[in-house]
J.: 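Can you keep this structure in mind? I'll have questions shortly.
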Amino acid sequence: MEILRPGTGNGQKIYIETYGCQMNVNDSEVVVSILKKEGYRHTENISEADIIFINTCSIRDNAEQRIWGRLRDIKQYKKNNNSLIVGIIGCMAERLKEDLIEKEKLVDIIAGPDSYRELPVLIRTASDGSKAVNVELSKEETYAEISPVRLGKDGISAFVSIMRGCNNMCSYCVVPYTRGRERSRDPETILNEINDLVSNGYKEVTLLGQNVNSYNFNDDKGNQTDFSELLRRVASVSPELRVRFSTSHPKDLSDEVLYAMRDYNNICKSIHLPAQSGSNSVLKLMNRKYTREWYLDRIGAIKRIIPECEISTDLIAGFCGETEEDHKGTLSLMESVGYSFAFMFKYSERPGTQAARNYADDVPDDVKTRRLTEIINLQNRLSLASNKKDIGKIFEVLVEGTSKKSSSDMSGRNSQNKVVVFAADNEKPGDYVYVEITDCTSATLLGKRVKK
Ligand code: SAH
Ligand code: SF4
Ligand code: F3S
C-alpha cells in the first residue's frame, strides 16, 4: 500500500497534460513533486482525476488554439464530476491572467510559471468553490531544491532546468512576458539533482534554459559560475552520462563553451543555435542583437573547434517587413551552415510584444506559407545530405527502445542527436552500443551493430 505523506492532498488524484517546450515538460515534473509532498497522487488516467492541470504554451497562436480545443473536450469530465477542479498553468495562464476565467468558465485555477509552490493553497481555494489565481512573476524563483518527479517513463534521459525567464526581448516573442526576468539556479542544487539521476541509472541529461549561454550564478562567497564552468562540472559527474543543452542564443555562444564541449567526450556534439532569419534587416527588426556575419562567425568557430559537431536551428518565415530578398537570405544561410535539423515556423503575431505594437504583420498568409514550404523543402534536402555524409561512419549510440516502425529494430541517438536505427540483438534501453551507418533517410540513420 502506498503510504501518503501528511498534507492537504488526502490522496486526491492529479492529472497533468503538458504543451509547449521542454521547460514546460520539466515544470510539470516540478508541479507533481510539489503536490506529492502535500499528499496528492499523480494519475495518467484523466477520467479518474480529481484535479486536471493543463500546462500551457503561448508561443504561437496555433499553440493556444489547440489548448482552447482541449478545454472544450474537458467539459465532459466536469459534467460527470461536479467537484472536478480544472487548472490552467504555464505561459497561457501568465499571458491571459484573469481573462481566462472570463473566456472559459470551466477554469477554477490559474497559475503562472513562478507560482507553483502556491498550488496547494490555490487548490484549497478552488475546493471551496472560489476561483484561484496567482500569476505573479518572481525575480528569484528557480525551484532550486525541488526534485522533479520524472514523468517520462524511459528512466534514461531527464531534463534539468538551470535557469528561468529570458531578458532578450526578441520583438516577436512572448516568452519574456510569460516567464519573466532571467535568473540562474544554484549550481550546487543542479549538481545534486544530476548526481541523484546518475545513481538512479539515468544516462543523459539535457540542461534547459531559454538562453543557456547567459547562465551565471554568483554565490554569497563571491564565487561565480558561468555556463562553460557549469558544463565542465556537470560533465565531470560521470563519463557514462551524456550531457546536452538547449537553447543557445548566438549572441552569447562563447569559445569557452565550445572548448568545454571539445574537452569532454560525454558533452554531446550537437548545438541548437536558432538563427530565426538570414537577413540583417530582419534580424535587426527582430531585435536578435547579432548579424548574419556574426552568426556565421560563430558557426565557423563551432566547425573549427568541434569538427564533428552537428548544428540545428529555428527559423521564422514571413516576419514583419520580410521581402523576397530577405527570405532568400534565410535560404542561403541554411545552405552555408548545412543544418542537420530545423524547427521551422510561420510568424505568428503575439499581442503585447514589441513587434505587435510597432510593426505591421504585413506578409500575406499565402506568402508566409509558400516561404515556409521553401524553407522546409530545403531543410529536407540538407538533412538528407547531412545524413548521407555519415554513411560508413561508426557512432556510439545510446539505446532508447524498440524502433517505432519495427519491433525487430532498436532505436537510439548518437552524440550528434541523430536518430540511429539498427537490428535488435538483446540490447536494453540505456545501453551504449556501436553502430556502423549503412543507409539513411532525411530523418534517420540506419546501420548495423559492430564491435569496437
Ligand atoms: N529561447 C529560444 C527559443 C524559444 S521559442 C531561443 O531564443 O532560441 C522557440 C522558437 O519559437 C523560437 O526560436 C522561434 O523560432 C519560434 N517563435 C517564437 N515566437 C514566435 C512567433 N511569434 N511566431 C513564430 N515563431 C515564433
Ligand atoms: Fe524569446 Fe528571444 Fe528569449 Fe528566445 S531569446 S525566449 S526567442 S525573447
Ligand atoms: Fe511555450 Fe512558454 Fe515554452 S510560451 S515555448 S511553453 S516558455
Side-chain angles (χ1 to χ4, degrees), residues 17-28 31 54-67 88-96 112-114 135 137 159 161-182 207-215 245-253 271-278 282-283 285-290 295 298 311-320 322 330 339 341-357 359 361 363 365 368-369 371-372 375 379:
E17 201 164 281
T18 309
Y19 295 83
C21 62
Q22 296 167 333
M23 301 217 61
N24 254 16
V25 173
N26 190 228
D27 280 2
S28 289
V31 166
I54 313 286
N55 193 0
T56 57
C57 175
S58 285
I59 198 81
R60 286 168 290 276
D61 185 54
N62 56 11
E64 290 197 354
Q65 292 311 326
R66 236 177 111 202
I67 291 159
I88 297 286
I89 64 174
C91 290
M92 221 170 138
E94 194 61 52
R95 191 177 86 74
L96 295 169
D114 288 343
V135 288
L137 288 172
F159 294 135
S161 295
I162 62 166
M163 57 206 295
R164 298 182 72 81
C166 184
N167 284 353
N168 283 313
M169 302 303 273
C170 302
S171 63
Y172 51 82
C173 184
V174 77
V175 172
Y177 305 89
T178 63
R179 297 234 159 209
R181 304 294 291 168
E182 179 183 290
L207 308 179
L208 297 181
Q210 294 298 348
N211 176 7
V212 289
N213 298 294
S214 65
Y215 175 88
F245 56 89
S246 186
T247 302
S248 291
H249 194 301
K251 79 177 164 58
D252 299 315
L253 178 66
I271 296 189
H272 189 65
L273 199 65
Q276 314 300 358
S277 167
V282 173
L283 287 170
L285 276 190
M286 286 179 162
N287 197 27
R288 288 289 286 178
K289 303 190 183 95
Y290 55 83
Y295 185 90
R298 294 292 75 209
I311 302 162
S312 55
T313 200
D314 294 350
L315 297 163
I316 297 177
F319 185 62
C320 310
E322 187 188 74
T330 298
Y339 295 114
F341 177 81
F343 291 111
M344 299 156 284
F345 311 103
K346 258 202 273 190
Y347 171 57
S348 164
E349 185 178 84
R350 308 313 292 130
T353 55
Q354 283 179 35
R357 282 183 274 130
Y359 316 127
D361 180 9
V363 177
D365 193 57
K368 283 184 186 169
T369 304
R371 289 181 188 166
L372 179 64
I375 288 173
Q379 186 52 48

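Because only heavy atoms are used, hydrogens play no part in the values below, and waters and symmetry mates are left out as well, while side chains stay in. Keep in mind the model is a prediction, meaning the values are calculated, not measured. Counting starts at 1 for both ligands and their atoms, in listed order.
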J.: Do Phe245 and His272 have ring centres separated by under 6.0 Å?
T.: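 Not under 6.0 Å, so no.
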
J.: Give the residue, atom name and distance (to 0.1 Å) of the protein heavy atom nearest atom 6 (S) of ligand 3.
T.: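 Residue, atom and distance for the closest contact: Asn24 ND2, 3.3 Å.
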
J.: Which of the atoms in ligand 1, numbered in the order shown and given with their element, are less than 4.0 Å from a heavy-atom of Tyr172?
T.: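 That gives atoms 18 (C), 19 (N), 20 (C), 22 (N) of ligand 1.
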
J.: What's the shortest distance from atom 3 (Fe) of ligand 3 to any protein heavy atom, and which residue and atom give it?
T.: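 The protein heavy atom lying closest is Cys21 SG, 2.3 Å.
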
J.: Which ligand 3 atoms are under 4.0 Å away from a heavy-atom of Gln210?
T.: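 So the atoms of ligand 3 that pass are 7 (S).
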
J.: What do we get for Phe345 next to ligand 1 when only non-hydrogen atoms under 4.0 Å count, side chain, backbone, both or neither?
T.: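 Side chain only.
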
J.: Under 4.0 Å, heavy-atom basis, I'd like to know which part of Arg350 is in contact with ligand 1: side chain, backbone, both or neither.
T.: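 Under 4.0 Å from ligand 1, Arg350 contributes side-chain atoms alone.
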
J.: Should the proximity of Thr353 to ligand 1, defined as any heavy atom under 4.0 Å, be assigned to the side chain, the backbone, both, or neither?
T.: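 For Thr353, there is no contact with ligand 1 at all, from either part.
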
J.: Looking only at protein heavy atoms, identify the closest one to atom 21 (C) of ligand 1 and say how far it is in Å.
T.: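 The answer is Ser348 O, 3.6 Å.
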
J.: Determine whether any heavy atom of Arg95 lies closer than 4.0 Å to an atom of ligand 3.
T.: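 The answer is no, since Arg95 has no heavy atom less than 4.0 Å from ligand 3.
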
J.: Applying a 4.0 Å heavy-atom criterion (strictly less than), which segment of Pro274 is in contact with ligand 2: side chain, backbone, both, or neither?
T.: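 Contact part for Pro274 vs ligand 2: neither.
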
J.: Between Glu182 and Ser214, is any side-chain donor less than 3.5 angstrom from a side-chain acceptor?
T.: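 A donor-acceptor contact under 3.5 Å links the two side chains.
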
J.: Measure from atom 2 (Fe) of ligand 2 to every heavy atom in Cys173, Cys166, Cys170 and give the option owning the shortest one.
T.: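 The option holding the nearest heavy atom is Cys170.
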
J.: Measure from NZ or CZ of Arg60 to the centre of the six-membered ring of Phe345, then state whether that distance is under 6.0 Å and the direction lies within 45° of the axis.
T.: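 Cation-pi check for Arg60 and Phe345: passes.
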
J.: With a 4.0 Å cut-off on heavy atoms, does Ser58 reach ligand 3?
T.: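 Yes, that is the case, since the closest heavy atom of the residue is under 4.0 Å from the ligand.
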
J.: So, does His249 sit close enough to ligand 1 that a heavy atom of it is under 4.0 Å from the ligand?
T.: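 False for this residue.
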
J.: Applying a 4.0 Å heavy-atom criterion (strictly less than), which segment of Met23 is in contact with ligand 1: side chain, backbone, both, or neither?
T.: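 Under 4.0 Å from ligand 1, Met23 contributes no heavy atoms.
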
J.: Under 4.0 Å, heavy atoms only, figure out whether ligand 3 is touched by the backbone of Cys91, its side chain, both or neither.
T.: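 The answer is the side chain of Cys91.
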
J.: Between Met23 and ligand 3, find which residue part has any heavy-atom pair under 4.0 Å and reply side chain, backbone, both or neither.
T.: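 Answer for Met23: neither.
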
J.: Counting only heavy atoms closer than 4.0 Å, does ligand 1 sit against the backbone of Lys346, its side chain, both, or neither?
T.: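 Within the 4.0 Å criterion, Lys346 contacts ligand 1 through backbone atoms alone.
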
J.: Considering only non-hydrogen protein atoms, determine which one is nearest to atom 7 (S) of ligand 2 and report residue, atom name and distance to 0.1 Å.
T.: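 Nearest protein contact, heavy atoms only, for atom 7 (S) of ligand 2 is Tyr172 OH, 3.4 Å.
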
